[in-house]
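Some notes on the structure that comes next.
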Amino acid sequence: MDKIISLCKRRGFIFPGSEIYGGLANTWDYGPLGAQLKKNVKDLWWKTFVERRLDMVGIDAAILMNPTTWEASGHVSGFSDPLMDCKSCKSRERADKLIEKWIHENSSEERPRNWAGEKTPAKDLLEFINDKKIPCPICGKTNWTEPKAFNLMFKTRQGVVEEEGKDIYLRPETAQGIFVNFKNVLETTRKKLPFGIAQIGKAFRNEITPGNFTFRTREFEQMEIEYFFDPDSSPWQEVFEMWKKDSLNFVTDILGIKKENLRLRDHEKDELSFYSKGTTDIEYKFPFGWGELCAAGAYRTDYDLKQHEKFSGKNLSYLDPYTNKTFIPHVLEPSFGADRVTLAVLLSAYEEEQLEEETRIVMKFKPDLAPLTLAVLPLVNKLNEQAEHLANDLLKNYRVDFDTSGSIGKRYRRQDEIGTPFCLTFDFDSLNDNAVTVRDRDTMKQDRINISALKEYIDRKLFD
RNA sequence: GCGGUACUAGUACAAUGGUAGUACGCCGCCUUGCCAAGGCGGAGACACGGGUUCGAUUCCCGUGUACCGCUCCA
């Protein structure tokens, strides 16, 4: 991981956030190459799941939403943990988990008053803990502060005058932007079930412990789909299997992440969200361990639409034109993290090759995913001007770099480190034969290609 | 949030209570004839703030950031 972080900084993929001011914890800025790489990831996702499917459409909803949205979704009350501090040793524990553990260890059936897990009132949790003298697992004393609900949503204010503003939240997930627009999309696109709505956008969560580079950050970008269906005509397991397969194909075939570094993991019952009937994660083997790339399909049932119907008073049901049945559609949610997928692409592409007297670092991105498609390299400085004309001509079709600094071998190495699949060397013969030497990063083979045939040659390799 | 460790050029590392070095990288010039050639020249760092001291990058305190552990993870 240190190698990747260092390479990212050195070559302009990812920088520490607000670095000149000493940084801001857990923020990362994408540099020129990283921004392009992440954009390529998002573009390929959008192409795969929106543009190339008849049963999918895309939207781009606002990050700021009417606060009632979050009451309906359960985030205001449920998206928080009852945390308390041990006054003796200053450690922090989750009150509900501590109680559950105690109940389990003591084989007790007894529970606090109003017991509803993490949503139990704080004073009932504390009363139970003090009553049973549940000790601090660190220091063994029972000396707790009252549990406080730590809401994981970022709060801000709408309105320029601080006191008069209305509290609003930065969305903790993009999904709700889709649900609140369900009716609008249905009416404007005339889609029939089953169909899905996709969205790419930022979400914000006050995670207690972020970390591992860009893997878990408080500001992150999601690529989410809500796929609506009638559970009577399409059983959720079928929809689920389809999305599991399609999601996995995206990761392996489109992004080129190796299968041996991937695994599917079904969520255990106790880690499922309260609304969810099932989820499978696609996990990638990060240097710090297995980590989720994608929740291949959380089955959210009809929970969200029902909640929004209840809180908004608007009718969000679907009238099936064939059966005349009116019902609230069920939802399956395949959700990708754009930042962690991009990180997995970076890690997955990283290779070191031992050459005779040195090590060559090469980022083997799939050609269409690479930040730069090709680099034009004049063999010597005398050819710079003509080569630059070629580079400019190629810009209309490809992402092009132009490098004149240092020997030709050194420039090949630079492009290796940033994963550029093709290097075009413009030499003295090029002036006469109108051809360049194309060097393929993966095969290390060289072909002499006429400039007029370049597009055909590169496109063939790009879509291989 | 808690505890521990660390912080020196773009990166990786040295050294030092009194002028901060090395390698690679970067820039310019000369050179160049397809896989990190060479020569010359150049830019570039003590995370931030305070204290002790004649003098602090070095010692002390605070802040920031990162890493490890705990905790947490819709």
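Here is the naming used below: chain letters follow the sequence lines, and residue numbers restart at 1 for every chain.
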Could you work out the separation of [N] and [M] based on their [atom1] atoms and round it to a whole Å?
N      : M      : atom1 : result
A23(B) : G38(B) : P     : 13 Å
G1(B)  : U57(B) : P     : 30 Å
A12(B) : G25(B) : C1'   : 11 Å
A74(B) : U5(B)  : P     : 32 Å
C7(B)  : C13(B) : P     : 11 Å
A45(B) : U16(B) : C1'   : 15 Å
A15(B) : U58(B) : P     : 16 Å
A14(B) : U53(B) : P     : 32 Å

When all nucleic acid strands are considered with a 4.0 Å heavy-atom cut-off, which category describes [X]: base, sugar-phosphate, or nothing?
X         : value
Ser6(A)   : sugar-phosphate
Leu24(A)  : sugar-phosphate
Phe213(A) : sugar-phosphate
Arg413(A) : base
Ile408(A) : sugar-phosphate
Arg171(A) : nothing
Glu19(A)  : nothing
Ser405(A) : sugar-phosphate
Thr359(A) : base

Side-chain-base donor-acceptor pair under 3.5 Å for [X] and [N]:
X         : N      : value
Tyr21(A)  : C48(B) : no
Asp427(A) : C34(B) : yes
Asn26(A)  : U65(B) : no
Arg439(A) : C34(B) : no
Arg411(A) : C35(B) : no

Spacing between [X] atom [atom1] and [N] atom [atom2], to the nearest angstrom:
X         : N      : atom1 : atom2 : value
Phe288(A) : G69(B) : CZ    : C1'   : 16 Å
Asp429(A) : G33(B) : CG    : P     : 14 Å
Glu417(A) : U11(B) : CD    : C1'   : 10 Å
Ile361(A) : G25(B) : CD1   : C1'   : 12 Å
Asp403(A) : G28(B) : CG    : P     : 10 Å
Ile178(A) : A74(B) : CD1   : P     : 20 Å
Tyr412(A) : A37(B) : OH    : P     : 13 Å
Tyr303(A) : A74(B) : OH    : P     : 15 Å

*Specify the residue among Gly211(A) and Arg216(A) whose closest nucleotide of RNA chain B lies further upstream toward the 5′ end.*
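Residue closer to the 5' terminus by nearest nucleotide: Gly211(A).
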[X] vs [Y] aromatic rings, parallel, tilted or perpendicular, using cut-offs 30° and 60°?
X         : Y         : result
Phe336(A) : Phe250(A) : perpendicular
Phe286(A) : Tyr284(A) : perpendicular
Phe422(A) : Tyr457(A) : perpendicular

_Within this structure, what is the CD-CD1 distance for the pair Glu333(A) and Ile178(A), rounded to the nearest 0.5 Å?_
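The CD atom of Glu333(A) sits 8.0 Å away from the CD1 atom of Ile178(A).
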Of the nucleotides [options], which one has an atom closest to the side chain of [X]?
X         : options                : value
Leu379(A) : U32(B), C34(B), A12(B) : C34(B)
Val380(A) : C35(B), A74(B), U32(B) : U32(B)
Asn381(A) : A74(B), U31(B), C26(B) : U31(B)
Phe428(A) : U32(B), G33(B), U11(B) : G33(B)
Lys410(A) : U32(B), U65(B), A37(B) : A37(B)
Lys382(A) : U11(B), C34(B), U32(B) : U32(B)
Asn212(A) : C68(B), U11(B), U31(B) : C68(B)
Arg205(A) : A74(B), U32(B), U11(B) : A74(B)
Ser407(A) : C35(B), A37(B), C34(B) : A37(B)

Look through every strand shown and name the nucleotide pairing with [N] as Watson-Crick or G-U wobble, where both distances are under 3.5 Å.
N      : result
C46(B) : none
G3(B)  : C68(B)
G41(B) : C27(B)
C13(B) : G21(B)
U53(B) : none

*Verify the contact: side-chain N or O of Lys9(A) to OP1 or OP2 of U11(B), cut-off strictly under 4.0 Å; return yes or no.*
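Yes, Lys9(A) has a side-chain N/O under 4.0 Å of OP1/OP2 on U11(B).
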*Can you tell me if the side-chain N/O atoms of Arg414(A) get under 4.0 Å from OP1 or OP2 in C26(B)?*
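For C26(B), OP1 or OP2 has a side-chain N or O of Arg414(A) closer than 4.0 Å.
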*Heavy-atom check, side chain of Gln176(A) versus side chain of His308(A), under 4.5 Å*: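 When only atoms from C-beta onward are counted, His308(A) and Gln176(A) do touch, with a gap below 4.5 Å.
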Salt bridge or not between [X] and [Y]? Use side-chain N to carboxylate O under 4.0 Å.
X         : Y         : result
Lys244(A) : Glu241(A) : yes
Asp416(A) : Arg439(A) : yes
Asp440(A) : Lys445(A) : no

*Between Trp70(A) and Phe311(A), does the ring centroid distance fall short of 6.0 Å?*
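Trp70(A) vs Phe311(A): aromatic centres not under 6.0 Å.
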*Indicate yes or no for a side-chain donor-acceptor contact from Glu292(A) to the backbone of Asp281(A) under 3.5 Å, with no hydrogens or angles considered.*
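Answer holds: no.
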